[in-house]
Structures are given as C-alpha cells and as structure tokens.
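See structure below.
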Number of protein chains: 2
Amino acid sequence: MQLNNIYNMTNTRHDCKKELRGASLKVTPARLGVLAALEQAQTPLDVSEIITYLENKGIKADKVTVFRIINALTDKGLTKQIQFNEGKFRYEHSRKADHHHFVCERCGKIEDVSNCNIDEVEKDIQKKGLLIKRHSLEFFGLCKDCQS
Amino acid sequence: MQLNNIYNMTNTRHDCKKELRGASLKVTPARLGVLAALEQAQTPLDVSEIITYLENKGIKADKVTVFRIINALTDKGLTKQIQFNEGKFRYEHSRKADHHHFVCERCGKIEDVSNCNIDEVEKDIQKKGLLIKRHSLEFFGLCKDCQS
DNA sequence: TGACAAATGCAAATAAGTTGCATATAATAA
DNA sequence: TTATTATATGCAACTTATTTGCATTTGTCA
C-alpha cells in the first residue's frame, strides 16, 4: 500500500495529437486544452475546473463543448470518469488512473492510494462468472491536517 | 469473497419507530415509508424509486420531503449514500451496507460482493496517518446473462 | 484547394438536488 | 386530553450538472 501523488509523475512532454488521432478524434484547440488540463492536474478535475484551466490558457470553449469533449475522451478510453459523492463527475487521464483516492471530508484534499490488492479481489469475483471491466474504490475521512 | 444478495436476508420485522426515535427523529408516515422501502429493497434505491414505493403504499410525500428525509437519515447514520456513476445518488439501509456491489453495465443488475479484504487495505492506509471514516468500492462490467 | 464529416456555439431543455417560507403535525408537558 | 412548541412537510422557485437540437465552423484527406 502506497500513498503518493501519481499526478506529480507525469511525463510533461507527451504527444496529445497522437493520442487524439489514435482514438479517431480530430485535433482541435479545445481538445488539446482538455487533455493538457488533465495531464498537469494534481487531482481529478471537474468540468468547471477544466473550463477555468482553458480560460487561463486563452483557449475559449463553451461549457457544452467541454462536456462533449470529456464524454468523447471517456468513450474512447483516454480519460476516466469518477465520483467522490459530490453530485458531479470528475475526470482523470487514463495514463494516471491505475490507483484510487482518499478524499478528506473537511478540506477536500485528494491523495492517491496505489498498490492495494484490489486486483486479487477482482480475480476472485471473476471466478463467479462476472466480467469486471472497471471498478471504483474511494476512501473518505480526515487527512492528517484536519484531524486536530 | 462471496457474491450473494444481502438484501434478501432482512429480518422483516424491525422496529422502524425505535430506529427513528433513537436518532432523535420524529416518527412520521413518510419516514416510516422511506425506511420500509430501503428495508425491502433488493438493491440500493434512488429517490424516484423511493417515491414510487411510497405511492404504491398509498403514502403521499413530496419529492422534496423525500430528499429531506433521506438526507436526515444519512446524517444520522441510519442509511448510506452511494453512487454507481449514474449522476445521482442511491441509498441503502445501514444495516445492510457492510458489502460492496457489482453493477452490470448492460442490464443494470446489481449484485452484492461481500467478505472482500478491504478492511486490511484500510488498516494499511490508516497507518499513513489518514483517518478513514468510510469507503466506496464498486465493480462494473457484465453479468453472466449479458456476456453472451 | 474543395468536399465532407466531425466539432463547436448557442439556446433551450432535462434531471438531480436545495432553499425559503407558510402550514401542518408529532412529541411533551399540564 | 388538550395546549404548546419544535419539527416536518408542501409548494414554488432556484441552482447546478448535464444533455439535445440545430445552424455554423473547422479539421482532414483526397
């Protein structure tokens, strides 16, 4: 079991254009911006956070466009959709997604949890005849700072 | 690892009134109805399913009232709020909630998963200084019937 | 460079969930 | 049993997240 922040380990140079073309998606400024946002993010982002990122980079894209982009990326498997019981979705780049999260219920800080033995759990379930495609494992509680 | 349906194992006679009073909540027909709905349910219910149950039982309660009731019950710990990446919340009675779920992505069927070793995973994380209050573990894929 | 499919913007719609306030009802004490 | 009071409910309106339809624009590829 490890706690760390996989988001810090991104290879900063990555060819987003290739990623899009490989998924049969046209390369557009908005799409490159969304991918960039998710690559540099320290935590999974919600749609409004993605929009803020785009604005700061001078990329203008309608909210609806961002929804459509993130849905397309998720359909193609480039991104993953997750939820933290907030009533909205968050997204992370698939390349960063082989881990789980700890969400502080007070300050909202998100820490990654990796190397847990969920894979074994999955194998056991598969034996029951179910085909598991993905799973979601999130922990909620108080981080060190918020326990005092 | 066991797959079963904990929802079938409910003790049908249970004193909902005591449960409410124990949580300092007044006993009302709508609240009894919501608790009854979650007790008899085979799977976690969303708000509209709860409303349908109440209608069928001749209990009339506004949608807003149901939201307020389910929030109160969850605040008091009588029920648990979960999500299956549907963009809405589902609720289950806490007495039934010490397990996880497998959700078929095609037919929507939900099966319980119990006795997995998540508790050990939690202990490991606690050692890192995080205080875990709850977690969410859901598997998504295809059930036996939908694999053909 | 032109054609065509795909992407975007805008407006409007839908769905889930919340809030304010006036009224109704459950709990408690007389 | 009734009166009191805090709590719960109903209704209308609102917010936030997300989707849909359609006209226009923009990548891609020949």
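None of the values given here were measured: they were computed from a predicted structure. Throughout, protein chains are lettered first and strands after them, A, B, ... in sequence-line order, and every chain is numbered starting at 1.
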Treat each ILVMFWY residue as a node, draw an edge where side-chain heavy atoms are under 4.5 Å apart, and state whether Phe84(A) and Leu131(B) are in one component.
no
Report yes if at least one side-chain N or O of Thr65(A) is closer than 4.0 Å to OP1 or OP2 of dG9(C); otherwise report no.
yes
Selection from dA6(C), dT7(D), dT18(D) that lies nearest to any side-chain heavy atom of Phe89(A):
dT18(D)
Could you write out each protein N or O paired with an N or O of nucleotides 10-12 of chain C at a distance under 3.5 Å?
from, atom 1, to, atom 2, distance (Å)
dC10(C), N4, Arg68(A), NH2, 3.3

side-chain hydrogen bond (donor to acceptor under 3.5 Å, both in side chains) assessment of His101(B) paired with Glu92(B)
CA-CA 12 Å; His101(B) 306 92; Glu92(B) 61 186 355; 3.3 Å; yes
Which listed nucleotide (dT18(D), dG17(C), dA27(C)) is nearest to the side chain of Arg21(B)?
dA27(C)
Consider the side chain of Phe67(B), meaning its heavy atoms from C-beta on, and name the nucleotide among dT9(D), dA16(C), dG10(D) that approaches it most closely.
dA16(C)
Centroid separation Phe140(A) to His135(B) less than 6.0 Å:
no
Output yes when at least one side-chain N/O atom of Thr28(A) is less than 4.0 Å from OP1 or OP2 of dT26(D), else no.
no
Note: for Pro29(B) and Arg90(A) on DNA chain D, the residue whose nearest nucleotide lies more 5' is Pro29(B)
Hey, does the side chain of Thr65(B) reach the backbone of Ala61(B) with a donor-acceptor pair shorter than 3.5 angstrom?
no
Is any side-chain N or O of Asn71(A) closer than 4.0 Å to OP1 or OP2 of dT19(D)?
yes
Could you please spell out the steps behind the salt bridge (Lys or Arg N to Asp or Glu O under 4.0 Å) verdict for Glu111(B) and Lys128(A)?
CA-CA 11 Å; Glu111(B) 296 196 38; Lys128(A) 303 281 179 181; over 6 Å; no
